[in-house]
Asks: 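Just passing along the structure, written as structure tokens.
So you know, we letter chains A, B, ... as the sequences are listed, proteins then strands, and number each from 1. The figures that follow rest on heavy atoms only: side chains count, while hydrogens, waters and symmetry mates do not. Small disclaimer: the values here were computed from a predicted structure and weren't measured.
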Amino acid sequence: GSREMGREAFIERVWQWKAESGGAIIGQLKRLGASCDWSRERFTMDEGLSRAVMKVFVELYRGGLIYKDKRLVNWDPKLKTAISDLEVQQVEVRGSLWHLKYPLEGTDEFVVVATTRPETMLGDTAVAIHPQNERLRHLIGETAILPLVGRRIPIVADEYADPEKGTGAVKITPAHDFNDFEVGRRHDLPLVNVLDVEGRLDLTDNAAFLDGVPVSAALEETLVLHGLDRFVARKKIVERLEALGLLDKIEPNTHSVPHGDRSGAVIEPYLTDQWYVDAKTPAQPAIDAVRAGRTVFVPEQWQATFFDWMEHIQPWCISRQIWWGHRIPAWYGPDGKVFVAEDEDDAVADALAHYTEIEEITAEEGHDIAADPARQAWFASEYLHRDDDVLDTWFSSALWPFSTLGWPGETPELKRFYPTSVLVTGFDIIFFWVARMMMMGLHFMKEVPFPTVYIHALVRDERGQKMSKSKGNVIDPLEVIDEYGADALRFTLAAMAAQGRDIKLSAQRVEGNRNFATKLWNAARFAELNGCARNPDFDPHHAGEVLNRWIIHETAQAGREVTAALEAFKFNEAANAVYRFVWNVFCDWYLELAKPVLTGPDGAAKNETRAAAAWTLDAILKLLHPFMPFVTEELWNVTGGDELLVLAAWPLHDGLDDPAAEAEIGWVIDLITAIRSVRAEMNIAPVTLLPLVLAGASAETRERARRWSAYVQRLARVADISFADAAPPGSMQLVVRGEVAALPLKGVIDLAAERARLDKEMAKAEADIGRVEQKLGNADFLKRAPEDVVEGEREKRAEAQARKIKIADALKRLEGAV
RNA sequence: GGGCACGUAGCUCAGCGGGAGAGCACUACCUUGACAUGGUAGGGGUCACAGGUUCGAUCCCUGUCGUGCCCACCA
């Protein structure tokens, strides 16, 4: 795409790019404020943004922060435009290192230089040698004769010439290499540009190239190369040098070569006149803002990256030689004088004020051209030419936080929403966008555009490489969504987004979370089938049933966990917390324990349980909505939410903690789990119902057992529950929350296996005690460890000792039964 | 060359000064009426290696080895 391209051709090209790049071009157009109506093949520029861009340009120009300069840029010879660093891809290339011999004037000797780009030798204006280079420094001050050209070039002393690299002597081509450009500046070397905008040799009418070069046969032969592509020319030049015996040697050399992201062409450092923003000046307030904590990065390690870049920031080239974009608001008069203004009228006014001596204007006696639009248009077309270049898309993007809010107008939106709250973005965009938004925001709004920048993980491919549209290694989210659903994908990304680490997307993980969505769906269906409907009279603070008080307690706790994690930008923790709560608490225990009530006879308990289940499900939908917006919204709708779930208030539960309920249901869960575990271990068939004896149970335990007997019977496959002072002989004995639960099964269980099991438990208890006692027996530990840690260890010891006694007792009884 | 991460269960990854965790995979059992995209139970790890700090190190520090990324260089 060049600016000569017509509209039709442009549209065709955009379509092609859209296909080639997978849509990267769309991002570019969006950053320009262009909206695309594909069906009508129309592009419209946002007028408000255009105005803002012009205003910003003019103000920065008047403040001396925008200027025009002739220096090197990254040039894409295929697109014929300057491009930004963002659009440059480094590609490893197996190339060669050519060692060239430059004759020294007045001797038969040579200085040998090495290059990977021999064609640039035509633009050489010096050879540099390190002043401390023992081997070569005697050559400093001599003059070399550039082969094929005849230019006399000085051998200068410069520390840039590393004695260890290449031949130790470096050819200096200030117009075609960023480092050489700096060397050239230091030694006041001429700039000889030997390429045209398309990367072809430009020699015949090239004054800089021919300056001071004597006419010779060799030069004539070189001029024949004019117009050749740089790579073709490279070959020819090498051939000629070889023929002249000036090719010392060729070394194989692998190095990375910058390629244009969009064109795929090799990028040339190219000498052109471009517009620049002096980024260094506005960078300082941005650095200060981050240092002062007015903008923080999450995770904070990215601050270092931000500082590193901001402190080494280079002038920002903002002009582009393409024709879609915001045209640079600079008009040139007949003598090249620049008039920068927000629109043409202003530019004309400025120009008229300046060109008071131009006769055609002043000659009109008594006619005030400044008040005559027709004459102004004539003047503009006759005498002024607007800059053909457009602005880098990141220039307008940098204004995003305030231009979208109506700036430069003093709109209510601007007052309300600037500064914004959080910027969420990828690390690769910190430099290009975040930094620029900060610079512009601080400059024009006098305030940071956002107090927090959350740098999210990058989704990489299975090889850990960054996915990119141009590289073509993207996992197409649409395909993943087709297979597992958008909720499953979104949840997976959130669950894997641990701070500071990238994501290698795994289909299995997505599948697991699809199953989670299904689980939720089924749980909701179960609730619906059992008449669990939202009840406005239900007050979670005054539930009567222990089970309901328990799930309310657990819900409040899960809610706090999820909220805290979200507020800390720990999305993986939030996702895992809600996952665990829904599956392992609500589905696995609450619904299972509620089944007898929900399917039992009507009554107060049933009504309350229905309401509590519905209340909990509501809380779940709200907590899960950020991660699974679609399924939760749908379930919310099905259960009769009258507004959208996305608009519902986030659940913040106070005063719902209920340790008593937790103790009771926790005991039930532990008891059932222990029995199940031992049954599986002892290989007891599920059809076998075991009697359960609670030995030496406290009054509280007896009470609980009576309340929960039906549940324990059903979920642990227990026949009936009875009480005794001691476990009956020959029974399996389990320690549950400090008390013994016995399954008297003489003859059913394998006594040897049971003894082995108890031995294992005993060993574990003893190991626990041993570890704790070692600590508690250490005087230094008691002296130096914090008190609560020591106290915790004491509690652990007491618990383990009690457990050991119970197990020893169980073993003794087992022996008695044999 | 400079910088930043990371080496924890077979795999993908959490945790990060005081009892090794999840998901998937694996093993055994379960056609119980929300769910087999399910249930129950289980096996599996000297938390890369070597030093150091500490009463105590998977966690902090140093070094080594390995891996990844960014920046620069690439004559």
Asks: Looking only at the side chain of A:R525 (C-beta and beyond, no hydrogens), which of the listed nucleotides B:rG39, B:rA34, B:rC55 gets closest?
Replies: B:rA34

Asks: What interatomic distance, in whole Å, is found between P of B:rC6 and the corresponding atom of B:rG21?
Replies: 22 Å

Asks: Using Watson-Crick or G-U wobble geometry with both distances under 3.5 Å, which nucleotide pairs with B:rA5?
Replies: B:rU67

Asks: Could you please name the partner base of B:rU27, counting Watson-Crick and G-U wobble pairs only when both distances are under 3.5 Å?
Replies: B:rA41

Asks: Just to be sure I understand the rule, does A:T673 reach a base, reach only the sugar-phosphate, or reach nothing, if contact means heavy atoms closer than 4.0 Å?
Replies: sugar-phosphate

Asks: Measure distances between side-chain N and O atoms of A:K519 and base N and O atoms of B:rC35, and say whether any donor-acceptor pair falls under 3.5 Å.
Replies: yes

Asks: What integer number of Å spans the P atoms of B:rC49 and B:rA9?
Replies: 11 Å

Asks: Hey, what do you get for CG (A:N576) to CZ (A:F627), rounding to the nearest 0.5 Å?
Replies: 9.0 Å

Asks: Base, sugar-phosphate or nothing for A:R580? Non-hydrogen atoms, less than 4.0 Å.
Replies: nothing

Asks: According to the interplanar angle, ranging from 0 to 90°, do the rings of A:W583 and A:F516 count as parallel (below 30°), tilted (30 to 60°) or perpendicular (above 60°)?
Replies: parallel

Asks: Students often mix this up, so state it plainly: with edges at 30° and 60°, are the rings of A:F571 and A:F569 parallel, tilted or perpendicular?
Replies: perpendicular

Asks: Identify whether any heavy atom of A:D162 sits under 4.0 Å from a base atom; if not, whether one sits that close to sugar-phosphate; answer base, sugar-phosphate or nothing.
Replies: base

Asks: Checking all strands, does A:A161 fall into the base, sugar-phosphate, or nothing category for heavy-atom contacts under 4.0 angstrom?
Replies: base

Asks: Roughly how many Å apart are B:rG10 and B:rU32, using the C1' atom of each and rounding to a whole number?
Replies: 34 Å

Asks: In terms of side-chain heavy atoms, does A:T173 have a donor or acceptor partner in A:D124 at a distance below 3.5 Å?
Replies: yes

Asks: Over all strands shown, is A:I172 touching base, sugar-phosphate only, or nothing at heavy-atom distances under 4.0 angstrom?
Replies: nothing

Asks: State whether A:F526 and A:K595 meet the cation-pi test: NZ (Lys) or CZ (Arg) under 6.0 Å from the six-membered ring centroid, and within 45° of the perpendicular axis.
Replies: yes

Asks: How far does the P atom of B:rA28 sit from the matching atom of B:rG43, given to the nearest Å?
Replies: 15 Å

Asks: Could you measure between the two C1' atoms, the one in B:rC55 and the one in B:rC60, and give it in whole Å?
Replies: 16 Å

Asks: Side chain of A:E793: nearest nucleotide among B:rG19, B:rC30, B:rC74?
Replies: B:rG19

Asks: Write down the distance separating the C1' atoms in B:rG7 and B:rC16, rounded off to the nearest Å.
Replies: 15 Å

Asks: Say we look at B:rG19 and B:rC59: how far apart would their P atoms be, to the nearest angstrom?
Replies: 14 Å

Asks: Just to be sure I understand the rule, does A:W302 reach a base, reach only the sugar-phosphate, or reach nothing, if contact means heavy atoms closer than 4.0 Å?
Replies: nothing

Asks: Determine the Euclidean distance between corresponding C1' atoms of B:rA5 and B:rU40; express it in Å to zero decimal places.
Replies: 41 Å

Asks: Hey, does A:K764 reach any base, or is it just sugar-phosphate, or nothing, if we go heavy atoms under 4.0 Å?
Replies: nothing

Asks: Which nucleotide in the list B:rG38, B:rG19, B:rG43 gets nearest to the side chain of A:N515?
Replies: B:rG38

Asks: Counting heavy atoms from C-beta on, name the nucleotide in B:rA41, B:rC74, B:rC24 closest to the side chain of A:Q508.
Replies: B:rC24

Asks: Just checking A:N179: base, sugar-phosphate only, or nothing, at a heavy-atom cut-off of under 4.0 Å?
Replies: sugar-phosphate

Asks: Of all the nucleotides listed (B:rU37, B:rA41, B:rG18), which has the minimum atom distance to the side chain of A:R514?
Replies: B:rU37

Asks: Base, sugar-phosphate alone, or nothing: which one does A:A523 contact when heavy atoms must sit under 4.0 Å apart?
Replies: base

Asks: Out of B:rA41, B:rG38, B:rU12, which nucleotide sits closest to the side chain of A:S677?
Replies: B:rA41

Asks: Is any side-chain N of the basic residue among A:K796 and A:E799 closer than 4.0 Å to the acidic one's carboxylate O?
Replies: no

Asks: Do the side chain of A:E592 and the base of B:rA34 come within less than 3.5 angstrom through a donor-acceptor pair of N or O atoms?
Replies: yes

Asks: Is a donor-acceptor pair below 3.5 Å formed from side chain A:S256 to base B:rC74, judging by atom type as modelled?
Replies: yes

